[in-house]
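Scroll down for the structure; my scribbles are underneath it.
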Amino acid sequence: MQQDVVPTQGRLLGRPRTLSTNLLLVMVLLAITAAAISGIATTVLLRHYQGGRLNDDVRASVQRALQHPGFATAPGPDSLGGGPNQPRGQATQTLTALFLPASLGPSQGDVIDERGREVVLSSADLTAIRDHVVNHPGIITITLPGAGKYRLATGKLSLTDGSTIDVVAGLPTAQLDEMTRKLVLWAIAIAIAVAVLSAVAGRFIIARQLRGLKTVAAVAHDVSELPLASGQIEGITGVPESVADGITEVGQVGFAFNKMLHHMEDALQVRTASEQRARQFIADASHEIRTPLAVIRGFADLAERVPEGEEEALRGSIGRIQGSARELSTLVEDMMSLTRLDSGGTPSLGEVDLSEIAANAQEAAALLYPDHGWAVELPPTPVLVVGDELGLRRVITNLLANAGTHTPAGSAVVLAIEPVGSRVRIAVTDDGPGIPVELQGRIFDRFVRADQARTSGTGSGLGLAIVKAIVDNHHGTVSVHSDAAGTSIVADIPIASA
C-alpha cells in the first residue's frame with residue numbers, strides 16, 4: 001500500500017524547511033554578504049588612503065629632522081645639543097632618533113608629547129629602532145617597548161669627515177588603528193542591522209509574493225481529497241483568475257494547474273462516458289443475444305418432441321434454429337467489428353475506387369430489396385481515395401442496407417458520390433417517413449433503432465455505429481438530416497485518408 005509522502009525543500013536543524021524559509025535565509029545571507037563586502041571594502045580603501053597620508057607625513061618628518069641646526073656646523077660632541085626634535089615644525093607625537101658615529105657620542109631619541117615637551121626615548125626603544133629601521137630602509141611599522149606602535153622612515157646625512165648619521169623620524173599609528181577599529185565595528189553593526197531589516201522586510205515580501213502559491217497548494221490539496229475513482233470532479237473551481245494570471249511565476253503555475261484540472265475533468269468525463277457506454281453496450285448486447293438464444297433453445301426443445309413421421313415440423317424447427325443462429329452470428333460479427341475499430345488498429349490502406357464500390361453496392365441492394373427504387377449518382381470520372389477498401393465498402397453497404405431495412409416498400413433510395421475539394425461526400429437519401437427528432441442525436445450509437453417511426457424491419461442496431469467508427473478511422477465525419485420528407489445520411493472522407 002502506497003503511503004503519503006510529505007515533500008520537503010530542505011532541512012534546518014533536522015526539521016523540514018519550507019520554500020519561504022529558504023528564500024528568507026537566502027535573502028538575509030545575501031544582505032549580510034553585501035553589507036560585509038561593502039564594509040570590508042570601505043575599511044580597506046579608507047585605511048589605505050589614510051595610511052598613504054601618514055606615510056607622507058612620516059617622510060616630511062624625516063625631512064624636517066634632517067634640518068637639525070647642529071648639522072649646519074662642523075659636527076662634534078656638543079653640536080647636537082637641544083635634542084633631536086629641536087627643529088621647529090614637528091607635530092606632537094613625532095618621534096625623532098639620531099644614530100651617531102662613536103666619535104660624536106651616543107644615539108639620541110625623543111618624542112614630542114601633547115604639551116610640546118621632548119620625552120627621551122629609552123635605550124630599549126632606540127635598540128628596537130636600530131634593529132628594525134636602520135637596517136631596513138623605507139617606511140615600516142613597529143611596536144616600541146615604551147613608545148608604542150609607530151610608523152618610521154630613515155634618512156642619512158653624510159658628514160665632512162666621511163661618517164654618516166642615521167636620522168629616523170615617525171608618527172604613531174594610534175589614530176589610524178582607532179579609525180580602522182571603529183570602521184570594523186560600524187561594519188559589523190550595519191551588517192547586523194541589515195540582517196534584521198532584511199529578515200523583517202523579506203518575511204513580509206516573501207509572504208506576500210507566495211500568497212498565490214499557497215492558494216494553488218490549497219486547491220491542489222482539495223483536488224487530492226476528491227473521490228476521483230467515482231469519475232466526479234465537481235465542487236472545485238480551480239485557482240482564482242487573480243492568481244492564475246499566466247504572467248508571474250506563481251501565475252504561470254496557477255494557470256498550468258487550472259489547465260491540468262480542466263484536462264483531468266475532461267478525461268474523467270470521457271472515461272465515465274466510456275464506462276457507461278461499455279456497460280450499456282454489454283447490457284444491450286446481452287439483451288440482443290438473449291432473443292436468438294431463446295428462439296434456438298425453444299425450437300431445439302420443440303424439435304426433440306416432434307413425433308416420428310412429422311419431418312415437415314422438424315424441418316421448420318431446424319429452419320428457425322438456423323435463422324436465429326445466422327442472426328446471432330451476424331450480431332457477434334458486428335460486435336467484433338466494432339471492437340476491432342475501437343482498438344484503433346491500423347487499417348489496410350490503398351487506392352480505392354469509390355465509384356466502382358458504389359455501383360456494385362447499389363446492384364446488390366437492388367437484389368436484396370427489390371420492392372424499393374434504387375438509383376446511383378456518380379461523377380463522369382472515377383473517384384479515387386486512399387483508405388481501407390473493406391471498410392469503405394462496408395460504409396456504403398451499411399448505409400444502403402439501413403435505408404432498405406427502415407423504409408417501406410416503394411421507397412426511393414439514391415446513392416450519390418461527389419468530390420468536394422479535398423474530400424469525397426458519400427450520401428444516401430431516401431423518401432421514407434424520417435427519423436424522430438429525439439433519436440437523430442443518437443442514431444449513430446450502438447443498438448439504437450428507429451423502427452418505431454419508420455418500419456418494423458429487423459436489425460441489431462449496429463450498422464450505423466459501424467459506419468461512424470469506420471469514417472472516424474478515416475478522419476472523416478458523418479451526419480444525418482431527417483424530416484417528414486425523408487432522410488439523408490452523409491459521410492465526408494478525405495481523399496488522402498492516410
Side-chain angles (χ1 to χ4, degrees), residues 3-56 141 143 148-149 151 172-225 236-262:
Q3 297 180 350
D4 294 336
V5 178
V6 179
T8 60
Q9 290 87 9
R11 289 189 172 272
L12 180 62
L13 298 180
R15 296 183 179 180
R17 194 170 65 211
T18 61
L19 177 61
S20 59
T21 302
N22 282 334
L23 292 176
L24 185 61
L25 288 176
V26 171
M27 180 179 291
V28 172
L29 289 176
L30 288 177
I32 293 176
T33 302
I37 293 175
S38 176
I40 292 173
T42 301
T43 302
V44 170
L45 291 176
L46 190 57
R47 182 178 176 85
H48 178 74
Y49 173 73
Q50 293 295 342
R53 294 187 60 182
L54 180 61
N55 292 341
D56 293 339
T141 302
T143 300
K149 192 175 181 181
R151 184 165 294 184
T173 62
Q175 291 183 350
L176 180 62
D177 295 338
E178 180 65 17
M179 179 201 69
T180 303
R181 186 181 67 83
K182 289 182 178 180
L183 286 175
V184 171
L185 293 177
W186 273 109
I188 295 174
I190 291 173
I192 295 174
V194 168
V196 174
L197 291 177
S198 62
V200 175
R203 186 176 183 86
F204 173 77
I205 294 172
I206 291 173
R208 185 178 182 86
Q209 294 298 320
L210 295 183
R211 188 181 304 166
L213 192 59
K214 292 182 178 179
T215 302
V216 175
V219 175
H221 177 74
D222 293 340
V223 172
S224 67
E225 298 294 331
I236 298 297
T237 57
V239 180
E241 293 184 359
S242 59
V243 176
D245 53 14
I247 300 175
T248 63
E249 286 78 3
V250 175
Q252 292 175 5
V253 172
F255 181 81
F257 184 84
N258 282 347
K259 190 174 181 180
M260 179 193 70
L261 194 61
H262 294 156

Nearest heavy-atom pair of Ala31 and Val194: which atoms, and what distance? CB-CG1, 3.5 Å
Looking only at atom types and distance, does a side-chain atom of Ser38 sit under 3.5 Å from a main-chain N or O of Ala34, one as donor and one as acceptor? no
Nearest 0.5 Å, what's the NZ-CZ distance between Lys259 and Phe255? 6.0 Å
At what distance, to the nearest 0.5 angstrom, does CG of Leu183 lie from CD of Glu178? 10.0 Å
side-chain hydrogen bond (donor to acceptor under 3.5 Å, both in side chains) filter on Arg203, not counting sequence neighbours, yields none
Can you measure from CD1 (Ile190) to CG (Leu197) and round to the nearest 0.5 angstrom? 11.5 Å
Are more than 12 heavy atoms from other residues, nucleotides or ligands located less than 6.0 Å from atom CZ of Phe257? yes
What do you reckon, is CD of Gln252 surrounded by more than 12 foreign heavy atoms closer than 6.0 Å? yes
Nearest atoms (heavy-atom pairs only) where Gly39 meets Ala187: CA-CB, 3.8 Å
Rounded to the nearest 0.5 Å, how far apart are OG1 of Thr180 and CG of Leu185? 11.0 Å
Heavy-atom closest contact (Arg47 atom, Met179 atom, distance): CA-CE, 3.9 Å
Polar side chain donor-acceptor pair, Arg151 to Thr173, under 3.5 angstrom: no
Provide the closest heavy-atom pair for Leu24 versus Gly202 in the form atom of the first, atom of the second, distance. CD1-C, 3.8 Å
Could you measure the distance from the OG atom of Ser198 to the CG atom of Leu30? Nearest 0.5 Å is fine. 9.0 Å
Distance from Thr141 atom OG1 to Leu54 atom CG, nearest 0.5 Å? 7.5 Å
